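What follows is one structure encoded as structure tokens, with my remarks underneath.
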Amino acid sequence: MSKVTKEQYEFALARVEELLPLVDDNTPANDRNAVELTMMSDIIIDYEKEHYPIGKPTVAQLIQLSLDEKNMSQKQLAEEIGVSPSRINDYVSGRAEPTLKIARMLCVTLGITPAAMLGC
């Protein structure tokens, strides 16, 4: 597909807003509005991938997001993996990176994939 212009992107955004109320889970995939909605969505996705790329989260962000998801405090995490709460705070603030051993425990305890922890 050729590069999507800002004007095409803005048109697609507006058109998606108009089409969303007309298409639901029961609309056949070959329905005119459903087809157009898919096409407009693809234009938006292509433009946003180029102009608004999403970077990989840092280790600090991964830990904080996981703590938030699990509704767990830094203190609880520290107790669970056997380090001081200030050490967890160092990881969450980005002042320190966990050792491989601690990173493994963080992955297990918080449900973070090792690939994400390694930035892969």
Side-chain angles (χ1 to χ4, degrees):
M1 185 174 185
S2 62
K3 273 195 169 198
V4 176
T5 67
K6 186 172 196 239
E7 291 75 23
Q8 290 168 327
Y9 170 72
E10 288 172 352
F11 175 85
L13 281 175
R15 191 66 186 127
V16 163
E17 289 298 318
E18 295 167 359
L19 290 166
L20 278 174
L22 307 176
V23 178
D24 62 24
D25 292 340
N26 299 316
T27 306
N30 63 351
D31 176 84
R32 203 181 90 136
N33 290 328
V35 170
E36 187 181 357
L37 180 61
T38 300
M39 291 170 64
M40 293 297 116
S41 297
D42 288 347
I43 289 170
I44 292 168
I45 290 166
D46 288 347
Y47 185 87
E48 289 181 352
K49 275 184 185 172
E50 181 180 346
H51 295 279
Y52 307 111
I54 298 173
K56 288 183 171 46
T58 64
V59 170
Q61 291 168 328
L62 277 173
I63 295 169
Q64 187 59 59
L65 287 168
S66 298
L67 286 171
D68 292 345
E69 283 177 4
K70 294 192 173 304
N71 204 18
M72 182 186 269
S73 70
Q74 290 182 21
K75 184 175 188 249
Q76 289 171 308
L77 177 60
E79 289 169 3
E80 188 131 346
I81 66 171
V83 298
S84 70
S86 65
R87 200 71 190 136
I88 296 295
N89 189 267
D90 287 343
Y91 302 146
V92 171
S93 68
R95 284 189 300 272
E97 292 273 327
T99 63
L100 203 51
K101 180 181 174 190
I102 298 295
R104 182 181 174 284
M105 289 191 281
L106 289 168
C107 287
V108 170
T109 305
L110 296 174
I112 299 171
T113 64
M117 182 67 77
L118 293 171
C120 298

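Please read these numbers as outputs of a predicted model, since none were measured by experiment.
In this structure, V4 is a member of the same hydrophobic cluster as F11, with clusters built from ILVMFWY side-chain heavy atoms closer than 4.5 Å. No continuous path of hydrophobic side-chain contacts links I112 to L118 [ILVMFWY only; heavy atoms under 4.5 Å]. No chain of hydrophobic side-chain contacts below 4.5 Å, direct or via other Ile, Leu, Val, Met, Phe, Trp or Tyr residues, connects L13 to I45. At a threshold of 4.5 Å between side-chain heavy atoms, the hydrophobic network of Ile, Leu, Val, Met, Phe, Trp and Tyr places V108 and M105 in two separate groups.
Looking at T27 and N33, their side chains never come closer than 4.5 Å, going by heavy atoms from C-beta outward. With contacts defined as side-chain heavy-atom distances shorter than 4.5 Å, the pair V83/L77 does not qualify. In this structure the side chain of N89 reaches within 4.5 angstrom of the side chain of R95, judged on heavy atoms.
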| said: Walk me through whether R32 and E36 qualify under salt bridge (charged side-chain N to carboxylate O under 4.0 Å, His left out). | reply: CA-CA 6 Å; R32 203 181 90 136; E36 187 181 357; 5.0 Å; no
| query | Between D31 and L22, is a side-chain contact (heavy atoms from CB on, under 4.5 Å) present by the stated rule, with each step listed? | reply | CA-CA 10 Å; D31 176 84; L22 307 176; over 6 Å; no
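Heavy atoms from other residues, nucleotides or ligands lying under 6.0 Å from CZ of R104 number 12 at most. Heavy-atom neighbours of N71 CG from other residues, nucleotides or ligands within 6.0 Å: at or below the threshold of 12.
Of all the heavy atoms in K3 and Q8, the pair that sits closest is O-OE1, 3.8 Å. Smallest separation of non-hydrogen atoms from E18 and P21: O-CD, 3.3 Å. The nearest pair of heavy atoms linking K70 to G111 is CE-N, 4.2 Å. Taking every heavy atom of both residues into account, P85 and Q74 meet most closely at O-OE1, 4.3 Å. Between A60 and G94, the shortest heavy-atom distance links the atoms CB-N, 3.9 Å. Scanning all heavy atoms of the two residues, the minimum distance from A34 to A29 falls at CB-O, 4.0 Å.
Taking CG of L62 as the reference point, atom OG1 of T113 lies at 7.5 Å (rounded to 0.5 Å). Rounded to the nearest 0.5 Å, atoms CG (L110) and CD (Q64) are 10.0 Å apart. Rounding to the nearest 0.5 Å places CG of D90 at 11.5 Å from CD of E97. The distance from atom OG of S41 to atom CG of L20, rounded to the nearest 0.5 Å, is 7.0 Å. To the nearest 0.5 Å, atoms CD1 (I81) and CG (L106) are separated by 4.0 Å. Interatomic distance, I43 CD1 to R15 CZ, rounded to the nearest 0.5 Å: 11.5 Å.
Ring geometry for Y52 against Y9 counts as tilted: the plane angle lies between 30° and 60°, on a 0 to 90° scale.
For D46 and K49, the salt-bridge test fails: no basic side-chain N is under 4.0 Å from an acidic carboxylate O.
Evaluated for a side-chain contact (heavy atoms from CB on, under 4.5 Å) with V23, the options T38, L37, V35 yield exactly one hit, L37.
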